[in-house]
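A quick write-up on the structure given underneath.
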Amino acid sequence: MIKAPTGTNDILPDRIPLWRYVEEHARKQCALYGYREIRTPIFESTQLFVRSIGEVTDIVEKEMYTFQPKVERSDNPAKENSRESFTLRPELTAPVVRAYLEHHLDREQKSQKLFYLGPLFRHERPQKGRFRQFHQLGVEALGFSNPLVDVEIINLAQSFLKTIGLDGCVLKINSIGCPECRTGYRNVLRKYFAGHKDQLCANCRERLDRNVFRILDCKNKQCYEIAARAEPINNSLCAGCRTHFDAVLAGLEKNGLSYQLDHHLVRGFDYYTRTIFEITHSALGAQDAVGGGGRYDNLIAELGGSPAGATGWALGLERIILALEAVKNSNLIIQPDKLKVFVASVTQELGSESFALVSELRKKNIAADMDYEGRSLKAQMRLANKQEVSYVIILGPEELTKNAVKLKNMQSGQESEVQRDDLFDLFLKKNMI
RNA sequence: GUGGGUGUAGCUCAAUUGGCUAGAGCACCAGAUUGUGGCUCUGGUGGUUGCGGGUUCGAACCCCGUCACUCACCCCA
């Protein structure tokens with residue numbers, strides 16, 4: 001039997017209401033903060049991700065689904081040689097910035113607040129809360145440098161999570177400064193960790209050259225202890241970054257948003273500058289981040305726009321749902337879509353009669369269905385019961401001669417004979433729809 | 001990519017540790033006086049024990065391989 005690829009998930013009808021619940025609140029909350037939805041392609045030019053995420057990141061090095069489409073027939077041999085490489089999007093910040101620049105949204109209005117909702121792809125080994133196809137909700141505030149906008153997006157994330165009933169989220173925040181102050185800090189760290197080189201894990205010894213910042217993030221106990229004594233980046237921030245970060249923290253406090261200052265916090269993508277943050281939840285296991293984000297003041301210019309600040313975040317929908325189910329918030333009531341009416345026929349010959357009635361009900365916007373498999377009346381009733389319909393309309397030869405139907409309330413069990421012509425009036429009058 | 005754990009009916013799990021025709025609960029289907037759901041009762045359908053090989057008189061059980069799921073490393077949502 002053919003199965004879904006490793007790390008992908010079918011979202012079956014029973015779980016759809018939960019997904020919709022999260023998605024609908026996401027859209028509502030984003031709109032409330034003035035963010036507009038944007039949808040970009042599922043795949044993009046490979047170069048877009050290489051340029052934005054960074055060439056030496058795990059994502060670009062080994063986790064991208066990259067492909068080259070079959071050669072298009074062309075009279076121009078040069079065209080056949082230039083087969084472009086595409087990649088299933090492993091993140092959405094770069095595509096959104098690309099669309100923003102490509103369609104000159106920046107010229108229409110320099111500052112744009114956008115959000116998205118959709119699937120992403122990374123070829124990783126799956127585990128709890130980590131999949132090869134997963135979904136993110138994200139916001140991008142493009143063209144903004146004001147630290148208050150950092151506060152705004154954090155505020156938006158927090159209020160969204162609160163609205164859907166996900167209690168117990170923790171906000172961790174840090175500043176990694178701009179490229180200038182980071183260079184200074186990099187040297188400080190290199191010097192410090194080099195002094196403890198023999199105590200670091202093999203991985204971190206390699207990181208010493210490639211990416212010192214990652215050592216701060218290492219979960220190895222010994223590395224962690226050494227990292228804990230490393231000088232925090234705070235001391236290396238330039239005046240501009242210092243002021244910006246202080247303003248963000250002050251803004252959070254003023255708005256009653258609690259946070260944990262975490263000098264070990266580092267992000268995986270190259271484009272981040274200044275403010276970075278992560279929202280974690282203890283119910284998630286090893287992959288405990290429900291989301292993360294930060295400021296990326298150089299990405300717009302990097303992708304060909306005129307220099308402008310920007311900030312954003314992404315939340316993992318699978319992880320939100322995982323945590324939501326673990327929290328078991330009793331206030332959380334999610335109503336599945338249910339049929340209103342089931343039309344049952346006593347004899348099989350009445351099938352077309354039932355079909356006409358079902359069509360009529362649907363035309364009047366009443367969700368209705370019937371049996372097509374020639375089941376017994378008993379079996380039809382069972383089916384109706386299982387689908388939790390409010391009413392069953394029974395069509396029988398007896399009633400038919402009187403131009404009537406039986407209407408059964410499935411909750412009370414009460415049953416009454418109703419003239420067919422009165423049926424819809426009755427539904428309206430009794431407010432049964 | 002690396003390591004651990006687990007694969008028996010649609011689901012959750014048994015099978016006296018190598019021995020009868022692989023069982024149970026739930027679910028599903030049908031029936032319990034002739035046109036009626038839920039509760040109860042009765043009966044029924046459903047398994048190449050993930051797959052392939054090996055050891056053995058005999059394998060769900062032991063060995064090898066393989067695949068899948070899962071957790072963790074790594075990394076990240």
Side-chain angles (χ1 to χ4, degrees), chain A residues 1-9 12 14 53 56-63 89-93 116-138 157 201-204 206-207 211 214 217-220 265-269 277-281 284-293 312-323 342 344-348 350 371 373 375-400 405-415 417:
Chain A
M1 195 148 37
I2 297 174
K3 288 192 268 187
T6 297
T8 66
N9 292 109
L12 299 178
D14 278 352
I53 298 172
V56 292
T57 57
D58 274 23
I59 288 183
V60 170
E61 277 182 348
K62 48 198 187 208
E63 294 174 2
R89 59 194 195 188
E91 66 104 40
L92 263 166
T93 299
Y116 57 81
L117 210 48
L120 304 179
F121 308 84
R122 289 180 203 168
H123 188 97
E124 293 182 277
R125 199 67 179 268
Q127 75 186 74
K128 186 171 185 175
R130 191 171 74 181
F131 309 98
R132 291 185 175 174
Q133 176 175 345
F134 59 100
H135 298 77
Q136 282 187 349
L137 159 69
C201 69
N203 223 324
C204 283
E206 218 167 285
R207 284 170 171 152
N211 193 346
R214 282 249 155 254
D217 208 17
C218 188
K219 278 177 202 155
N220 180 302
L265 190 60
V266 175
R267 301 253 79 206
F269 304 148
F277 56 90
E278 206 170 270
I279 297 170
T280 60
H281 196 283
L284 286 177
Q287 310 300 321
D288 65 348
V290 290
W313 51 248
L315 296 172
L317 296 190
E318 280 83 357
R319 290 185 185 178
I320 286 174
I321 285 171
L322 213 60
F342 190 93
S345 32
V346 174
T347 65
Q348 223 173 311
L350 291 171
D371 167 57
E373 304 301 311
R375 282 176 233 254
S376 67
L377 181 59
K378 195 194 199 70
Q380 292 178 65
M381 292 303 290
R382 271 205 275 263
L383 199 62
N385 184 61
K386 201 166 62 187
Q387 296 183 27
E388 298 183 282
V389 300
S390 311
Y391 301 96
V392 171
I393 294 173
I394 302 166
L395 273 176
E398 232 172 83
E399 292 82 359
L400 202 65
V405 296
K406 279 236 168 82
L407 179 64
K408 179 163 188 168
N409 181 320
M410 291 297 276
Q411 199 141 38
S412 66
Q414 278 181 350
E415 199 173 292
E417 197 168 285

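Chain identifiers are assigned alphabetically (A, B, ...) following the order of the sequence lines, protein sequences preceding nucleic acid strands; residue numbering begins at 1 within each chain.
Straight-line distance between the C1' atoms of B:U66 and B:A9: roughly 24 Å, to the nearest whole Å. Between B:C28 and B:A68, the distance separating the two C1' atoms is 26 Å to the nearest Å. Using atom P as the reference point in both B:C62 and B:A14, the two lie 15 Å apart (nearest Å). For the C1' atom pair drawn from B:A22 and B:G47, the interatomic distance equals 8 Å after rounding to whole Å. Comparing B:U48 with B:U21, their C1' atoms sit 16 Å apart, to the nearest whole Å. Nucleotides B:G53 and B:C61 place their P atoms 14 Å apart, quoted to the nearest Å. Rounded to whole Å, the C1' atom of B:C69 lies 16 Å from the corresponding atom of B:C11.
Heavy-atom minimum distance, A:Trp313 versus A:Tyr116: O-OH, 4.2 Å. Minimum interatomic distance between A:Thr8 and A:Gln133 (heavy atoms only, all atoms of both residues): CG2-CB, 4.2 Å. The two residues A:Thr347 and A:Pro397 make their nearest non-hydrogen contact at CG2-CG, 4.3 Å. In plain terms, the two heavy atoms of A:Gln136 and A:Leu120 that are nearest each other are OE1-CD1, 3.0 Å.
Listed by chain and number, the residues in a ring-ring contact (aromatic ring centres under 6.0 Å, His included) with A:Phe269 are A:Tyr271 (sequence neighbours excluded). With sequence neighbours excluded, no residue forms a side-chain hydrogen bond (donor to acceptor under 3.5 Å, both in side chains) with A:Glu415. Under the rule for a salt bridge (charged side-chain N to carboxylate O under 4.0 Å, His left out), A:Lys386 has no partner lying at least two apart in sequence or in another chain. A search for side chain to side chain contact (heavy atoms under 4.5 Å, CB included) contacts involving A:Leu383 returns A:Phe342, A:Arg375, A:Gln387, not counting sequence neighbours. With sequence neighbours left out, the salt bridge (charged side-chain N to carboxylate O under 4.0 Å, His left out) criterion links A:Glu63 to no other residue.
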Restricting both atoms to N or O, compile the protein contacts to nucleotides 33-35 of chain B shorter than 3.5 Å, with distance only.
residue, atom, partner, partner atom, Å
B:G35, O6, A:Glu398, N, 3.3
B:G35, O6, A:Glu398, OE2, 2.9
B:G35, N1, A:Glu399, OE1, 2.9
B:G35, N1, A:Glu399, OE2, 3.0
B:G35, N2, A:Glu399, OE2, 3.1

Contacts under 3.5 Å, N or O only, protein and nucleotides 38-41 of chain B:
residue, atom, partner, partner atom, Å
B:G38, O4', A:Asn385, ND2, 3.1

Under 3.5 Å, N/O pairs linking protein and nucleotides 42-51 of chain B:
none

Polar atom pairs (N or O), protein with nucleotides 69-72 of chain B, under 3.5 Å:
residue, atom, partner, partner atom, Å
B:C69, OP2, A:Thr6, OG1, 3.1
B:C71, OP2, A:Lys128, N, 3.0
B:A72, OP1, A:Ala286, N, 3.0
B:A72, OP2, A:Gln127, NE2, 3.1

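A 4.5 Å side-chain heavy-atom check between A:Phe131 and A:Arg122 finds every atom pair outside the cut-off. Considering only heavy atoms from C-beta on, A:Val346 comes within 4.5 Å of A:Ile394 through its side chain. Using a 4.5 Å cut-off on side-chain heavy atoms (C-beta onward), A:Ile59 and A:Pro90 make contact.
B:U36 takes the anti form, because its glycosidic angle lies more than 90° either side of 0.
With rounding to the nearest 0.5 Å, the separation of CG in A:Leu137 from CG in A:Leu92 is 10.5 Å.
When base pairs are accepted only as Watson-Crick or G-U wobble with both N-N or N-O distances under 3.5 Å, RNA chain B takes part in stems of 3 or more pairs at B:1-7 with B:67-73, B:10-13 with B:23-26, B:28-32 with B:40-44, B:50-54 with B:62-66.
Using a distance-only test at 3.5 Å, with no hydrogens or angles considered, a donor-acceptor pair links the side chain of A:Ser376 to the main chain of A:Ala379.
Taking 4.0 angstrom as the limit, A:Lys3 places none of its side-chain polar atoms (N or O) nearer than this to OP1 or OP2 of B:C67.
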Between side-chain atoms of residues 315-322 of chain A and protein atoms elsewhere (two or more places apart, or another chain), which donor-acceptor pairs fall under 3.5 Å?
residue, atom, partner, partner atom, Å
A:Glu318, OE1, A:His135, N, 2.8
A:Glu318, OE2, A:His135, N, 3.3
A:Glu318, OE2, A:His135, ND1, 2.8
A:Arg319, NE, A:Gly129, O, 2.7
A:Arg319, NH1, A:Ala289, O, 2.9
A:Arg319, NH2, A:Gly129, O, 3.1

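In this structure, A:Met381 places its CE atom 15 Å from P of B:C29, rounding to the nearest Å.
Within the structure, the salt bridge (Lys or Arg N to Asp or Glu O under 4.0 Å) test picks out the following pairs touching residues 127-137 of chain A (sequence neighbours left out): A:Glu124-A:Arg130.
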